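Before I ask anything, here is the structure I am working with.
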There are 4 protein chains.
Amino acid sequence: MPGSEKSVAPKFRRRADDRPDEVLDAALELFADQGFANTKVEQIAKRAGLSKGTVYLYFPSKQAIIEALVRRAVTPVAERALAHAGAFAGDPRNGISAALRQLAHGLADVRILAIPKLVVREAALVPELAQMYRHEVLDRVLPAIEMLIQRGIDAGYFRQVDANLTLRSLIGPILVHLMLADVFDISPPEGLSFDRLIENHLTILFDGLSAPEQVGAP
Amino acid sequence: MPGSEKSVAPKFRRRADDRPDEVLDAALELFADQGFANTKVEQIAKRAGLSKGTVYLYFPSKQAIIEALVRRAVTPVAERALAHAGAFAGDPRNGISAALRQLAHGLADVRILAIPKLVVREAALVPELAQMYRHEVLDRVLPAIEMLIQRGIDAGYFRQVDANLTLRSLIGPILVHLMLADVFDISPPEGLSFDRLIENHLTILFDGLSAPEQVGAP
Amino acid sequence: MPGSEKSVAPKFRRRADDRPDEVLDAALELFADQGFANTKVEQIAKRAGLSKGTVYLYFPSKQAIIEALVRRAVTPVAERALAHAGAFAGDPRNGISAALRQLAHGLADVRILAIPKLVVREAALVPELAQMYRHEVLDRVLPAIEMLIQRGIDAGYFRQVDANLTLRSLIGPILVHLMLADVFDISPPEGLSFDRLIENHLTILFDGLSAPEQVGAP
Amino acid sequence: MPGSEKSVAPKFRRRADDRPDEVLDAALELFADQGFANTKVEQIAKRAGLSKGTVYLYFPSKQAIIEALVRRAVTPVAERALAHAGAFAGDPRNGISAALRQLAHGLADVRILAIPKLVVREAALVPELAQMYRHEVLDRVLPAIEMLIQRGIDAGYFRQVDANLTLRSLIGPILVHLMLADVFDISPPEGLSFDRLIENHLTILFDGLSAPEQVGAP
DNA sequence: TATGAATGAGGATTCATTCAT
DNA sequence: GATGAATGAATCCTCATTCAT
């Protein structure tokens, strides 16, 4: 009987374990939409289907929510990214291509994108967020990619460029693409296709913009 | 008329006409530092050297300040950028290089950088900011650069790439460079040099990352 | 019946009948330490070794706890005190000395002292406390002592003083002694000895402060 | 004109200087009546004739109000009391009598009595209050009186008693008198007369309770 | 009986905005 | 114009009390 009731109408829930995640889910959407300062705790509660007071049963303060939010999202990222980075032994172009595509796909998911957006926006106000994101994500992912580039240089696949700076050439377009679309509602005429962006970018990245047989200046 | 007023009582008080600008200057620094929501009108007043009430003599509300802030900064940008874009008739690489360098130099100025930072951060809260910035800056500058690229393609200088997407490859690194440094305090080992970033990026952009005599894939 | 219940599942849980008292014990310590308003029901529950909800099985409200607390402590006091007061038939100095010593010894016990402290502190907020304490303790004890004094006067042992006012001279020092130590952490150089206080006080009380062979006033 | 307006209807007051004191006056009454925890800031504001926000213009927090309250009351007390204590050179009984009478008169003023009552009640919650009161009042007044007693002993006016403990015999009755009346509404049949209390107490204090020609115990 | 998750009224504090001077 | 005192709506957080289990 209790089992059937549960499956029918778990209205009166008593699930202390799911609650924190439900709160974080609700908070993420709201923070992403309205920013931290403009989101009221009661809004979070309502969206999570609870009352104001219940939120405080699981988080000691509003700021603790945003920190938990980033912490939750940030931890699993590292492994995923690192796994791929080291996987490619031969031509590093394959690894870099794969990494970029994975990055782009990840950020195409609103739930995932919301986190770095939040971190960037609130970093000035809650420096812990930036610290955490840097420590857990950037400090793991960026060096891995940089190493990929450096390996390509050392093995003679790439020109003698600065790997650290080149990293920025690598990932920059993805960010701009996102920001133009997200903040300014500017998308390419053909729509916000990450695939096409990546392919175009990889073309330029590996082979350059200049035509193969250079047309001299007039 | 204002002149006569000045000569009557020039005392130590600044001309009333400069007041709005001084308020905007003060607000810009504070908003950039702490975000809009966390900046109090009294802080702005204090930094501008006047009292809270006086701020309301010039601006009807706090939000009006941030809007005026962006409007003031945004208007002159258009001409400057457009001037350069059309100037180069021959090899578009020169024009692109010049544009990138100018962009980078502009953004190296904290006062200038503060504006887009502010717009990005507060866009969700005050959509007018994003609209304004898009209308006044992006919708003028981006198409101009895109056209430069397109012209290069059409004239046979560049490969057959998508100009709109390539635009993102062009400016992306600058954005990432800034964001890594500003939000996450991550700079290249040699320091945050925009010049080196640009040179490295142009190298890749025009000639590609791959070594001139390609090492074949395994 | 309760016995059979006990024998069925005596486990490790304390008898339900003692619960209310355990709650009161816990509450007394906490109220004495932190005051009524600053003590949370959950603290009481935790210290009593049960859960918040269970407290409400025994007491309908937080205020009911403090009232029960005082009521419990207050009832037995009357008999004890009255017993001694009437016991001394001859020189009332013996009775008074005994009463004072007993009073002092009683109040030296933190558990006993806590009650009047609590009553005094919370009297303004919960007038029932003061009423109860007055009715159950003061209205029984004070007249008994006053009668002792009056009897001493009538029998020619004491001067013709006002018994009611003299009562205050009798017990005042004990109160001050306690308050200085408890609230302001002020104790005599030799330590907070009630015995020495009482002996000194009795000396003055019975024989006066002035030296036996008076030094005449100028 | 402004002058006459002021005297007629100073409704729209702009007197930043009086405000803090008005707030403290209002707070004192309320704290004395209801205790600190039960007094709402808005009540204080209303009684002081201002709005909630205005209170925070002058005090950073509710606790700052109670501290300022005690500080304001406490500072002037010291001088007054000390002045009298040292004044009497000959028979110290005069000095002690005067001191007691002054103490009693002071505490008969509700405004003055309210402060130590408040301190005693809230000491556990805001230890700064007790500290402040001790430092500014007790540590100055009590030693002065104790010295008076000691001087009487040394000069042969008094018996060889413990001056520090005798101090408690001296002031205790006044406190009990107050507390019985204030907390428990117990006054002598003839009314709450401090004068009669003091006279009765001084009689006992100086000459003892025992009849001049002692009636031997049976 | 016992639990502790859930509730929501209540209260301290902040701050954009107003307005008498 | 300029000031800064005053306001009160808004918001975070607390905690006594309830109630499904």
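Just so it is clear, the structure is predicted and the values come from calculations on it, not from any experiment. A note on names: the letters A, B, ... follow the listed sequences, proteins ahead of strands, and every chain is numbered from 1.
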>> Looking at C:Glu29 and C:Arg111, is any side-chain nitrogen of the basic one under 4.0 Å from a carboxylate oxygen of the acidic one?
In response: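 Salt bridge between C:Arg111 and C:Glu29, a charged N being under 4.0 Å from a carboxylate O: yes.
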>> Any non-hydrogen side-chain atom of C:Leu50 less than 4.5 Å from a side-chain atom of C:Val23?
In response: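 With C-beta onward as the side chain, the pair touches.
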>> How many whole angstroms separate atom CG of C:Leu30 from atom P of F:dA16?
In response: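 Value for this atom pair: 12 Å.
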> What's the CZ-P distance between D:Arg19 and F:dA5, to the nearest Å?
Replying inline: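 So the CZ-P distance, D:Arg19 to F:dA5, works out to 10 Å.
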>> Go through it in stages, so that I can follow the logic: the residues are B:Asp21 and B:Arg72, the test is side chain to side chain contact (heavy atoms under 4.5 Å, CB included), and I'd like the CA-CA distance, side-chain angles, deciding distance and then a yes or no.
In response: CA-CA 9 Å; B:Asp21 261 329; B:Arg72 175 184 72 161; 2.7 Å; yes
> How many angstroms lie between CD1 in A:Ile65 and CD1 in A:Ile44, if you round to the nearest 0.5 Å?
Replying inline: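 Output value for this atom pair is 4.5 Å.
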> At their closest point, which heavy atom of C:Ala68 faces which heavy atom of C:Phe59, and how far apart are they?
Replying inline: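 The answer is CB-CE2, 3.7 Å.
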>> Under the rule for side chain to side chain donor-acceptor pair (under 3.5 Å), what residues qualify as partners of D:Lys117, not counting sequence neighbours?
In response: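 Only D:Asp182 meet the side chain to side chain donor-acceptor pair (under 3.5 Å) criterion with D:Lys117.
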>> Could you tell me how far apart D:Phe59 (CZ) and F:dA5 (C1') are, to the nearest whole angstrom?
In response: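 For the pair D:Phe59 CZ and F:dA5 C1', the rounded distance is 15 Å.
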> For the helix from E:dA2-F:dT21 to E:dT21-F:dA2, what is the angle between the axes at its two ends, each from 5 pairs, rounded to 10°?
Replying inline: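 That helix gives 10° between its end axes.
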> Nearest-Å distance, CD (C:Gln43) to C1' (F:dA16)?
Replying inline: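 C:Gln43 atom CD is separated from F:dA16 atom C1' by 13 Å.
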>> Treating A:Glu122 as the side-chain partner and A:Phe36 as the backbone partner, does any N or O pair qualify as donor plus acceptor under 3.5 Å?
In response: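 Pair found, side chain donor or acceptor close to backbone of A:Phe36.
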>> If I take atom CG from residue D:Leu30 and atom CG from residue D:Asp25, how far apart are they, to the nearest 0.5 angstrom?
In response: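 Interatomic distance, D:Leu30 CG to D:Asp25 CG, rounded to 0.5 Å: 11.0 Å.
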> Can you tell me how far P of F:dC13 sits from CD1 of A:Ile44, to the nearest Å?
Replying inline: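 Checked: the CD1 to P distance equals 10 Å.
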> If the sugar-phosphate is the primed atoms plus P, OP1 and OP2 and the base is the rest, what is the B/S/- string for nucleotides 11-16 of chain E, using protein heavy atoms under 4.0 Å?
Replying inline: SSBBSS
>> Under 4.0 Å from OP1 or OP2 of E:dT1: is there any side-chain N or O of C:Tyr58 that close?
In response: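 Indeed not, no polar side-chain atom of C:Tyr58 lies that close.
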